Structure formats: structure tokens, C-alpha cells
Amino acid sequence: MIPPASPATPRRIVIAGGGTAGWMAAAALARTLGQVIDLTLIESDAIGTIGVGESTIPPLVLYNRLLGIGEAEFMRATQATFKLGIMFENWKDVGETYFHSFGATGKDHWSAGFQHFWLHGLNNGHHHSYDDYCLELMAARESKFAHLPDERMNYAYQLDAALYATFLRRMAEADGARRIEGKIAAVELHGECGDIAALRLEDGSRIEGDLFIDCTGFKALLIEGALKAGFDDWRNFLACDSAIAVQTASVRPALPYTRAIAHDAGWQWRIPLQHRQGNGIVYCSRFLDHEVALERLLGSVEGDTLTEPNKIRYITGVRRKQWHRNCVAVGLAGGFLEPLESTAIHLIQRSVLRLIRMLPAGPISPRDVAEFNEQAQVDMEQIRDFLVLHYKVTQRRDSPFWQECADRVIPDSLAQKIELFRETGRVFRKNEELFSENSWTQVMMGQGIVPQSYHPITTKLRRDELDNFLSMLRTGVASTVATLPAHHDYVARYCGAAEG
């Protein structure tokens, strides 16, 4: 059988918009495909970016490795620190905290997660916290970090998103990507098929392409403005619709975790970089006025403010088609989920890598488009459910906002996960689901769910075997943490960046 011929000329790919989404796409495409494609990115220095996606999750470590990015160099360039998880404050109830860490807790059996053995231990006189069995969590609490053999320490980064985009731009241009400065004035469509034919800029120039990537943020100029892909509004599940972000100077050594601090109408974030801190407040405008939210944010930050507060209004939801005709939406153009679990950059990464895997060699296949859209939809729905969990499963009833959250109808997929865990302690993941069994366990128990039962496999252990098993795990975590250096010192030695 003779294989189909490849295109005679490089495929023309045009990225509309820069920022983190645009340059993550450009860097990956240019480095992976090189001379196979003709890659152009259009952005305007006059158009600002949201630029608040500063807290990330572990898959970004792999993304950078796939692109051959040296970690220390990248961290210096982006003022990055290491991140071992998120400290949730006031979510279960006012004054209570829990930690959602990266990595595993304890040791699973193939038939049951470690939480079942821990629950069995509670019924047999053990009173140690579930936290004591997680290396990343205990290291974070003591503000320690180091790279360990066999990659035993799971981590992500806290970084300057704007500096990350600049770093990736240099890399993409060195690999052959072409940047054009300018504002998009119009999107031209083919009269017969309805695909995008070209982007016309304000200066009159016209950029033709075969495949277009929409990285124009909330405006979604291509996927929605021109192609009308449609949008599903998820505010019935997640009430917050506003945020304000501001940067401040650091006043203390950076912690290896992000803080998410709930308040009476939403929550606040604190993300420590090497020489500054990212701060923000997320809220529902029906329960908190903008001026009050701004005053609350500025009244709670530490250190001098370095930027003007940036107000962001958003609609939580997802584009019905993230690949429509010859246009793929990446980043905010494809949908938005609030940054509670630091998934914004991850969703960009997922879309970019998915596109590279499905990049057509000839005409666009409707099968590829359908598969891309199904996978993107599943990603968004699974993350949505994990975010809704934080608001739904709570003992807070101290404000109208939290009362409404408790009364909201939640997706059936989430209700099944919650009730299954409540009854049996089990968590099942589907279709390469992002969040691990341990993530769901930490958050559900942290929010106050105590399973009513656990797997019978745990009862095979005699009392002394159970004691030894749990003691060995706790001791292993404690002894490893004791050897770790302070996070601040490790960052300074490994990837310390000049201030400014």
C-alpha cells in the first residue's frame, strides 16, 4: 500500500495573540516541528495580557523537559520558586486549614488506596494525621525542598507568567517562529467553506494561513467572534465572576506552596516568587462590591505594591467547540475556570500537546476535530467538578455566599464521586483524569468528609503488622524531611535570580 503524499509546502500555522498561551503554543510547535511548518504569531504590545496564572501544577515540569528547557535557567528567567501544593485556609470552616499536596500519601495496595489503611488505623488506636504520611506535605509545612533521587519529590513552580512568555518567545523565535507586531482588525473567511482565510491587521497587512490558533483571551476573536463556536456558561456551578490581582514586594522568605484563603464571598491567593509575591482576590459580584473587594485585598497584602491592581471580570465556562473548522482555541479563548487549583497554564499545555499529536499532514480530519473537542471537554468538566467540590462540601454557613454554595445543585458526576467516597472511601479516576486519587482524598477529607467504611483488604493485617506498616511510613517521611534544606536557601543556590 502506497502511503498518502505529504504536502509539498510547509503548513502555514498562524497564532493570533501572544501572552502565555500564544508563546507556549509557538515554542512547542517550533521546537517539535521545526521546518515542517511555517509558523507566525501576531501580537500587539498595546494589548495587555491577563498574566496572573503564576501558580502551576506538576505536569509543567514534563512540558518544559519535552521542550528541552533547562530547569535552573528557566527558573532564574521567571523568578520562579518551587511549589509542593496549596494551603487551603477557612474552606472547611473559618479558622480551619488543610493542605492539598502533590505526590502520594503513604503506600497504596493495588486494590485500595492508602486512605483505607489509615482509616483502619484510626479504628485501631492510631491517631496520627493523614498528613504525616505525605513527604511533599510535611516538607511544605517546614518550608523545605530539594531534588531527591528517583524524583521522589513531586513539585511544580510559582512563576512570573509574563516572564515565562518572554522566555518562550526567545526560544520560539530561535527555532524559526516569526512574530508580527500589530492589532487584528478583521478575520476574513472563505466564502465557500467558511474557514478562516486570513487575518487583516490595522495597518492593512494580510496574514494568510491554513490553521489558526486563537490565543486572544476572553475576546476569542477567531473561535467565537468569527466562527461562532458557542459557549456553555457554568456560573450555575461556580458563582465567582470577578478577580483583582496585584503584585507586592517580598517581605519574608518564599514558601514552597500557594495559599488559598477563603472569605465571606470567595477567596484570596498568595503566590510567593523569589523577589515578589502575587496576590489576588476572587469573588462573586452579587455578594461583594468591587470597591470593597479592592479595599479588602490591599488591606491584607504584605509589602509595598509594585503594580496597579488589575480587575478581571469573567464568565466561567467552556467553548462548545475548541477546534472549529480550521481554528483551535488555546487558553482563555477556549474557556475559563477560576485559578483555585492552578490549572490555567496546564490547560494551555494540554491543548498545545493535543494539537501537536493531532496536527494534520493534509486536509483537516473531522475525526481529529471531534476527538480533540471530546478530550478538551472532558478535561474542563473534570477540573470543574474538582473546583465545585471545594465550594459544595463545606461546613461554612456564615454568609449568604456560602449558604448559596451549599444549596447549589452540582453535576451528577461530582455527586457520584462525593457519595462514593463518603460511603466507601473509594475514588475512581476516568480517562486520564488530571487529579489523582490522593488529591481527591486530601480535599474531600480536608473539607470534612469522613468515609463511613473502608476496604476489607486492610483487615488482613494483624495489629502488629498494621502498627509497623504505619510507623515505617511516618518514620520514612519524617527522616527524609529532616535532611532537606530550607526552600529559600535551596532556590538561592540552585536558580537564584537577580532582583528586578
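Keep in mind the model is a prediction, meaning the values are calculated, not measured.
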Between the main-chain N or O of L222 and the side-chain N or O of D214, is there a donor-acceptor pair closer than 3.5 Å? yes

Atom NZ of residue position K311 - does it have more than 12 heavy atoms of other residues, nucleotides or ligands inside 6.0 Å? yes

Minimum heavy-atom separation for M380 to G317, with atom names? CE-O, 3.8 Å

Do the rings of F145 and H147 sit parallel, tilted or perpendicular, given the 30° and 60° boundaries? perpendicular

How far apart are the C-alpha atoms of L255 and S143, what are their side-chain angles, what is the distance that settles it, and do they pass the side-chain contact (heavy atoms from CB on, under 4.5 Å) test? CA-CA 6 Å; L255 298 170; S143 197; 3.9 Å; yes

Less than 6.0 Å separating the ring centroids of F336 and F218? yes

Using a distance-only test with no angle check, is there a side-chain donor-acceptor pair under 3.5 angstrom linking E43 and W23? yes

Residue pair L41 / R169, side-chain heavy-atom distance below 4.5 Å: no

Main-chain N/O of T81 paired with Q158 side-chain donor or acceptor, under 3.5 Å: no

Going by side chain to side chain contact (heavy atoms under 4.5 Å, CB included), L434 matches just one of I57, L347, V378. Which one? I57

Check the pair Y63 / I345 against side-chain contact (heavy atoms from CB on, under 4.5 Å), numbers first and verdict last. CA-CA 11 Å; Y63 185 83; I345 288 178; over 6 Å; no

Once you measure the plane-to-plane angle for F99 and Y257, does it fall in the parallel (<30°), tilted (30-60°) or perpendicular (>60°) bin? perpendicular

Smallest separation among heavy atoms of A80 and V491, with atom names: O-CG1, 4.1 Å

Looking at side-chain heavy atoms only, is the closest gap between Q442 and Y130 below 4.5 Å? yes

Hey, is the main chain of D45 close enough, under 3.5 Å, to the side chain of E181 for a donor-acceptor pair? yes

Do the ring centers of W91 and Y391 come within less than 6.0 Å of each other? yes

Check this for me: D233, atom CG, are more than 12 non-hydrogen atoms of other residues, nucleotides or ligands nearer than 6.0 Å? yes

Can you tell me how far apart CG (N438) and CD (Q115) are? Round to the nearest 0.5 Å. 7.5 Å

Test salt bridge (charged side-chain N to carboxylate O under 4.0 Å, His left out) on R367 and E371 and set out the steps. CA-CA 6 Å; R367 299 293 184 184; E371 183 64 30; over 6 Å; no

From CG (L238) to CG (L340), nearest 0.5 Å: 9.0 Å

Does a side chain donor of either R276 or S250 reach within less than 3.5 Å of an acceptor in the other side chain? no

Rounded at 0.5 Å granularity, tell me how far CD in Q416 sits from CD1 in I410. 11.0 Å

Judged by atom type as modelled, is there a donor-acceptor pair below 3.5 Å linking the side chain of E338 to the main-chain atoms of T316? no

Closest heavy-atom pair, P339 versus W269, reported as atoms and distance to 0.1 Å, is CG-CZ3, 4.3 Å

Can you sort out the partners of R426 under side-chain hydrogen bond (donor to acceptor under 3.5 Å, both in side chains), two or more places apart, ordered by chain and number? none

Applying side-chain hydrogen bond (donor to acceptor under 3.5 Å, both in side chains) to Q447 and Y98, what does each step give before you reach the verdict? CA-CA 8 Å; Q447 298 273 149; Y98 71 90; 2.7 Å; yes

Pair listing, side chain to side chain donor-acceptor pair (under 3.5 Å) test, anchored in residues 478-487, at least two apart: none

Check whether the ring centres of Y157 and F74 lie less than 6.0 Å apart, and answer yes or no. yes

Quick one: sort the H100 and F102 rings into parallel, tilted or perpendicular, breaks at 30° and 60°. perpendicular

Would you say H275's side chain and A497's backbone share a donor-acceptor pair under 3.5 angstrom? yes

With distance as the sole criterion, is a donor-acceptor pair present between the side chains of E136 and N154 under 3.5 Å? yes

Among residues two or more places apart or on two chains, list those pairs meeting salt bridge (charged side-chain N to carboxylate O under 4.0 Å, His left out) that have a residue in residues 21-37. R31-D175

For D150 and R152, indicate whether the former's side chain and the latter's backbone hold a donor-acceptor pair under 3.5 Å. no

Nearest heavy-atom neighbours spanning G303 and V251: CA-CG1, 3.5 Å

Distance in Å, C284 SG paired with D241 CG, rounded so as to fall on 0.5 Å steps: 5.0 Å

side-chain contact (heavy atoms from CB on, under 4.5 Å) evaluation trace for R141 with D131: CA-CA 10 Å; R141 287 194 183 279; D131 297 353; 2.9 Å; yes

Between Q375, E381, E374, which is the residue that forms a side-chain hydrogen bond (donor to acceptor under 3.5 Å, both in side chains) with Q377? E381

Under the rule for side-chain hydrogen bond (donor to acceptor under 3.5 Å, both in side chains), what residues qualify as partners of R270, not counting sequence neighbours? none

Check ion pair K417-E433 (N to O, under 4.0 angstrom): yes

Using side-chain contact (heavy atoms from CB on, under 4.5 Å), reason through R350 and E432 one step at a time and then give a plain yes or no. CA-CA 12 Å; R350 289 277 283 185; E432 299 182 357; 4.0 Å; yes

Treating T394 as the side-chain partner and H390 as the backbone partner, does any N or O pair qualify as donor plus acceptor under 3.5 Å? no

Taking the inter-plane angle between the rings of F386 and F435 on a 0 to 90° scale, is it parallel (under 30°), tilted (30 to 60°) or perpendicular (over 60°)? parallel

Do R319 and E224 meet the salt-bridge criterion of a basic N to acidic O distance under 4.0 Å? yes

Quick one: pull up OG1 in T441 and CZ in F114 and give me the separation to the nearest 0.5 Å. 11.0 Å

Considering residues at least two apart in sequence or located in another chain, which fulfil the side-chain hydrogen bond (donor to acceptor under 3.5 Å, both in side chains) criterion with N279? T248, Q277

Counting N and O atoms only, with roles assigned by atom type, does the side chain of Q349 sit under 3.5 Å from a partner on the main chain of P59, one being a donor and the other an acceptor? yes

Supply the atom-to-atom distance L29 CG to R11 CZ, rounded to the nearest 0.5 angstrom. 12.0 Å

Test item: T424 side-chain N/O and F421 main-chain N/O as donor-acceptor pair under 3.5 Å: no

Given 3.5 Å as the limit, does a donor-acceptor pair link the side chain of N90 with the main chain of I261, or not? no

In short, salt bridge (charged side-chain N to carboxylate O under 4.0 Å, His left out) pairs touching residues 60-84 with sequence neighbours left out are R65-E151

